[in-house]
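In what follows, a structure is listed as structure tokens, so that the remarks can point back to it.
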Protein chains: 2
Amino acid sequence: MRRGRPAPTSKDVARVAGVSQSTVSYVMSGKRPISEKTRRIVLEAIDQLTYEPHAGARALAGHRTNVVGLVVPFHNPEAASGLMAFAEEIAVNARDHDYDVLMLTAAEGPAGLARVQRRAMCDAVIVMEVATDDPRAAMARELEMPVIFIGVPDDHDGLHCIDFDFETGALLLVDALADAGCREIAALGWSEERVGLGMNYVPRFRASAEARAAERGVRLRWISAPHTRAGVEGFLDSVLAPAGRSHPGLLTVHSPHDLGAALQQRGLVPGRDLDVVSLCTDVEAEAQPVAPTAVSPQPRDVSRLAMGWLFDLLDNEIPAELRLVEAHLTTRGSVRPLG
Amino acid sequence: MRRGRPAPTSKDVARVAGVSQSTVSYVMSGKRPISEKTRRIVLEAIDQLTYEPHAGARALAGHRTNVVGLVVPFHNPEAASGLMAFAEEIAVNARDHDYDVLMLTAAEGPAGLARVQRRAMCDAVIVMEVATDDPRAAMARELEMPVIFIGVPDDHDGLHCIDFDFETGALLLVDALADAGCREIAALGWSEERVGLGMNYVPRFRASAEARAAERGVRLRWISAPHTRAGVEGFLDSVLAPAGRSHPGLLTVHSPHDLGAALQQRGLVPGRDLDVVSLCTDVEAEAQPVAPTAVSPQPRDVSRLAMGWLFDLLDNEIPAELRLVEAHLTTRGSVRPLG
DNA sequence: CATCTGCGTCGATGCGTATCGACGATGATC
DNA sequence: GATCATCGTCGATACGCATCGACGCAGATG
């Protein structure tokens, strides 16, 4: 950390290039035609001085910050790895468009959105982990800048929402087990703690799974248990108690690490002694002793699409809409082939 | 998202309050004495208009952005939960000082630091996961704004570095085992992948552990194995092969989840059949079947101290220095009491 | 009563960029 | 050869705030 010369300004560039400051500006923005010769001279001067425009001045004059706000949910070690992947994808996409990312915390609530708007700190905001009854929804409707919600509030009228297609994901998972001949499915859902946060995808996933199970004539039981070792053991006890009965299948959310261990200890191998499918990321799945056939709520896909949408919104007026990210089943052999 | 009136400016506040714009500015900054009466009138106007200063204009005129850059390392699912805790603490501390956080990715490298400096996007930067031979070190020395490194490059002359005191942590862990009467310690270190990234704490921790082991007359073996189920099994095989020998102790880094399961499967209970200590966060420790006595590389403490230091640096010229965060041993009963 | 000292406020200016209107030069058109 | 559109560039201005110098007014001092 040392004192150096002040950063070069566009005026400096203009002087070096022998043109006016406004010409430098037009070279950078391309908003007016510039002769090839002038353009080259200016670009050379920019290069030579390693000039970069002052972000504050640019925001002041141009009413654009080239920054997107990202409201990150904290206190969630369970999904931390997914969140990091999400944030990384956001950041990388932003840089590709010469945008930066301002990290905001969910702790600020709706007021945080109002703040960044009034202070003109960013051009748009992405809000992660939106709850069914999220107070930020009302605020988002009032804002003058685009807001994209990851997740779907009950009343999402007038909001730009995007989420993984948990409903189709549920269908795929139930079908995978039903196709293998399962007559009963035991499901280990999200932890109570997560459910309490009111995430919309919880009931959506569940309702969809139940509907499809009913269609297929399969009995589906949701078993409430914490994702701890003890919780998993309890889950297995209650599922496997009527042993050797009618071909049970397991459906788990987040593929708790202890489940693999608990099965192993009981000498049960998924794909041999029982069928297991999971809703979890590929990383989570591969970490299991026997990687489960699974649907992944593609965090990277969601954020990439969200960013694409966002940049579109910055330039064009697009009506509010709910977008879903396609669900795919990845077969990994934790389900017995039929017959 | 709707069109509304333009955001109020300090001039609007001045008009409402019946004072000049500069008076409004001085009320907000406190850099000149203001009578209590005027102050109240102005604050009321600010409140009434829900005025907030334009960040760009403020940065342009005041040469201060009230933003800190945070360079986040990605591609690290292993430590994702620790990183999130770290980032959260940074963000919360920043907001306490009316600062915001700009999220930068390590992918930009040293150029990223130069960029935010020249564009005047933040007043200081925190760099996470600094490697032994980090190219950002040289860049940091050239920058005119404070840079705090989390981690210690080999040549950290002229740099502000802070890190957990891994050396003392190693002493505490080795002592815990030696005090329990262990004559041999098998250590499972960081994954090869992590070591390849050149993190300074890896050799520091290891050398310190070895030195203390030698002092205590304990044999310390580092065993290289991936943190997978198979890797852990191999580790245990090579450690426990000469069964019932001379009271072996296990020292693990990051407390791989599979270790607890593998021990359980072999019918071995830490604190009864063998001694286990770990270098891992409290969250990781509590997630184990038998929570190990451990030293936690307090991510929250490190980031809190880093932010305190940073705000100090913004106001005062402080010579470069290496600061270490105190290590503590948390006893959890995975080590047999002596005798 | 004249002078001095602070305190509290105002006006003016600058920060670096984007953008608008103006204008000279160039080539096309009749 | 005169007229006209088009292209490329310039100068001036606005953006919203922080800061500096100036100034008026109070009370204190001789």
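Note on naming: letters A, B, ... go to the chains in the order of the sequence lines (proteins, then strands), and numbering restarts at 1 for each one.
Partners of A:S25 under the side chain to side chain contact (heavy atoms under 4.5 Å, CB included) rule, at least two apart in sequence or in another chain, are A:Q21. Judged as a ring-ring contact (aromatic ring centres under 6.0 Å, His included), and not counting sequence neighbours, the contacts of B:Y201 are B:F166, B:W190. Here A:H97 pairs with A:F311 under the ring-ring contact (aromatic ring centres under 6.0 Å, His included) rule; sequence neighbours left out. For A:A137, the side chain to side chain contact (heavy atoms under 4.5 Å, CB included) partners two or more places apart in sequence, or in a different chain, are A:R141, A:F149, A:P153, A:L159.
Within residues 11-28 of chain A, the residues approaching DNA chain C are A:Q21, A:S22, A:S25, A:Y26, by heavy-atom distance under 4.0 Å. Residues from residues 48-58 of chain A placing a heavy atom under 4.0 Å of any atom in DNA chain C, listed by number, are A:Y51, A:P53, A:H54, A:A57, A:R58.
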In dot-bracket, 5' to 3', how would DNA chain D read with Watson-Crick or G-U wobble pairs under 3.5 Å, [ ] for crossing ones and | for pairs to another strand?
||||||||||||||||||||||||||||||
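Pairs of residues two or more places apart, or lying in two chains, that qualify as salt bridge (charged side-chain N to carboxylate O under 4.0 Å, His left out) and include a residue from residues 13-39 of chain A are A:D12-A:R15. Applying the salt bridge (charged side-chain N to carboxylate O under 4.0 Å, His left out) rule to pairs touching residues 20-30 of chain B yields nothing, sequence neighbours excluded.
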Would you tabulate the pairs of protein nitrogen or oxygen atoms and nucleotide nitrogen or oxygen atoms of nucleotides 24-28 of chain D closer than 3.5 angstrom?
none

Short heteroatom pairs, N/O only, protein and nucleotides 22-24 of chain C, under 3.5 Å:
none

Contacts under 3.5 angstrom, residues 44-52 of chain A side chains, donor-acceptor by atom type, not counting sequence neighbours:
{"unit_1": "A:E52", "atom_1": "OE1", "unit_2": "B:R119", "atom_2": "NE", "d": "2.7"}
{"unit_1": "A:E52", "atom_1": "OE1", "unit_2": "B:R119", "atom_2": "NH2", "d": "3.4"}
{"unit_1": "A:E52", "atom_1": "OE2", "unit_2": "B:R118", "atom_2": "NH2", "d": "3.2"}

